[in-house]
Amino acid sequence: MNSNIMNNSKSDKILLFFNKLFLGAIVLIVTLPLLYVLLGSFLQPDILLTKGISFDPKHWTFDGYVRIFNDGSIMKGFLNSILYSTGFTLVSVGFTILAGYSLSIENLVGKKIIMLYFLFTMFFNGGMVPTYLLVKDLGLLNSPWAIILPGAITVWNIILARTYFKGLPNELKEAARIDGASDARIFLSIILPLAKPIIFVLALYSFIGQWNAYFDAMIYLEDRSLHPLQLVLRDILIQNEVEPGMIGDQMARAELQRIAEMIKYSAIVIASLPLMIMYPFFQKYFEKGVMVGSLK
């Protein structure tokens, strides 16, 4: 019996070792490209293109960041993305919490019909053309509302919220009703304070999803001053379109491409900063959100 315990212990140690090795390899695969982009944003373009990453301080420069901050297009796109992502998150989380809590009430009239209607929209939708016509008829084209309102509420998030609220003990609500609290009072004073984990998880999902989105802006926004950061980066990274103010009109084509490479790395770092800053504060709630999804 003791030998079996020893064998199991050794096998567990071996399994744990390979798990750590595997996870370490994944961390390296994810981290190395990020470090390359971060270091490349501070290197002179010639050194980066010919020698690669260099730790010689003589080869380092802040020119890419200076050009970005001096030019209005990327910073304007950054501010637009902050506006769109924040507004989208507030609308999405607000209505999702209300819908999820309502559907978690056992005696809600027509709950099954409403839920079936929501589930139907998960698998079938009108498509891009009817959605565009609807946004146009509502007068939302070429405005921030065209980015914030369409797609703000997803059925999957509603299901997550409903599952979380159904896991809360009913005794809390019953005790509050005995004390004379109304449904609104119960929701605001008891349910919402207990719903912080799911609120933060939904906010993280919504903010990241909208921050990385550019397709809707490409369809609904014609004014370049309204373009989010991801659409500006798309022009730089995919189409190699860099604003003339960043480079100068007198430079040759080779110089333009040289500076464009440096601006690309710097722009990627700036675009990643909000998510890198947000995630550590939301991490403890993220695990709870994953567990809520598994309970579904």
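Residue numbers count from 1 along this sequence.
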field: Distance in Å, Leu21 CG paired with Leu16 CG, rounded so as to fall on 0.5 Å steps
entry: 11.5 Å
field: Atom pair CG/NE2 of Leu221 and His227 - distance to nearest 0.5 Å
entry: 5.5 Å
Path from Phe123 to Val155 over hydrophobic side-chain contacts below 4.5 Å: yes
field: Backbone of Thr86 reached by a side-chain donor or acceptor of Gln210 within 3.5 Å
entry: no
- prompt: What's the verdict on side-chain contact (heavy atoms from CB on, under 4.5 Å) for Leu15 and Asn19, showing C-alpha distance, side-chain angles and the deciding distance?
  reply: CA-CA 6 Å; Leu15 180 61; Asn19 284 339; 3.8 Å; yes
query: Where is the tightest heavy-atom contact between Ala195 and Tyr164, given as atom of each residue plus distance?
result: CA-CE2, 3.7 Å
query: For the hydrophobic clusters of this structure (ILVMFWY residues joined by side-chain heavy atoms under 4.5 Å, transitively), does one cluster hold both Ile198 and Leu172?
result: yes
message: Quick one: does any side-chain atom of Ser92 pair with a main-chain N or O of Ala152 as donor and acceptor, under 3.5 Å?
response: yes
message: Parallel, tilted or perpendicular: which one describes the rings of Tyr220 and Tyr132, with boundaries at 30° and 60°?
response: parallel
task: Taking only Lys NZ, Arg NE, NH1 and NH2, and the carboxylate oxygens of Asp or Glu, determine whether Arg177 and Asp183 approach each other closer than 4.0 Å.
output: yes
message: Under 6.0 Å between ring centres: does that hold for Phe124 and Phe120?
response: yes
Cluster check Tyr84, Leu90: I/L/V/M/F/W/Y, side chain < 4.5 angstrom: no
Ile147 and Leu140: CA distance, side-chain angles, deciding distance, side-chain contact (heavy atoms from CB on, under 4.5 Å) verdict: CA-CA 9 Å; Ile147 308 300; Leu140 302 179; over 6 Å; no
task: Could you tell me the separation between the CH2 atom of Trp60 and the CZ atom of Phe42, rounded to the nearest 0.5 Å?
output: 7.0 Å
Donor-acceptor pair, side chain of Asn157 and main chain of Val93, under 3.5 angstrom: no
field: Hphob cluster co-occupancy, Leu149 + Leu138, side-chain heavy atoms under 4.5 angstrom
entry: yes
- prompt: Is it true that a side-chain atom of Thr121 and a backbone atom of Phe118 form a donor plus acceptor pair closer than 3.5 Å?
  reply: yes
query: With no hydrogens and no angle check, is any side-chain donor or acceptor of Asn80 less than 3.5 Å from a backbone partner on Ser225?
result: yes
message: Is there a side-chain contact (heavy atoms from CB on, under 4.5 Å) between Arg162 and Met115? Walk through the geometry before answering.
response: CA-CA 11 Å; Arg162 185 194 66 165; Met115 200 62 213; 3.7 Å; yes
task: Check the pair Met122, Ile159 against side-chain contact (heavy atoms from CB on, under 4.5 Å), reporting the backbone distance first and the verdict last.
output: CA-CA 11 Å; Met122 287 185 66; Ile159 293 174; 4.1 Å; yes
- request: Kindly give the heavy-atom pair with the smallest separation between Ile186 and Lys173, and that separation in Å.
  value: CG2-CG, 3.7 Å
task: For the residue pair Thr154 and Thr96, establish whether any side-chain heavy-atom pair is separated by less than 4.5 Å.
output: no
query: What do you reckon, are the aromatic ring centroids of Trp211 and Phe88 less than 6.0 Å apart?
result: no
field: Verify same cluster id: Leu98, Leu160 (apolar side-chain graph, 4.5 Å)
entry: yes
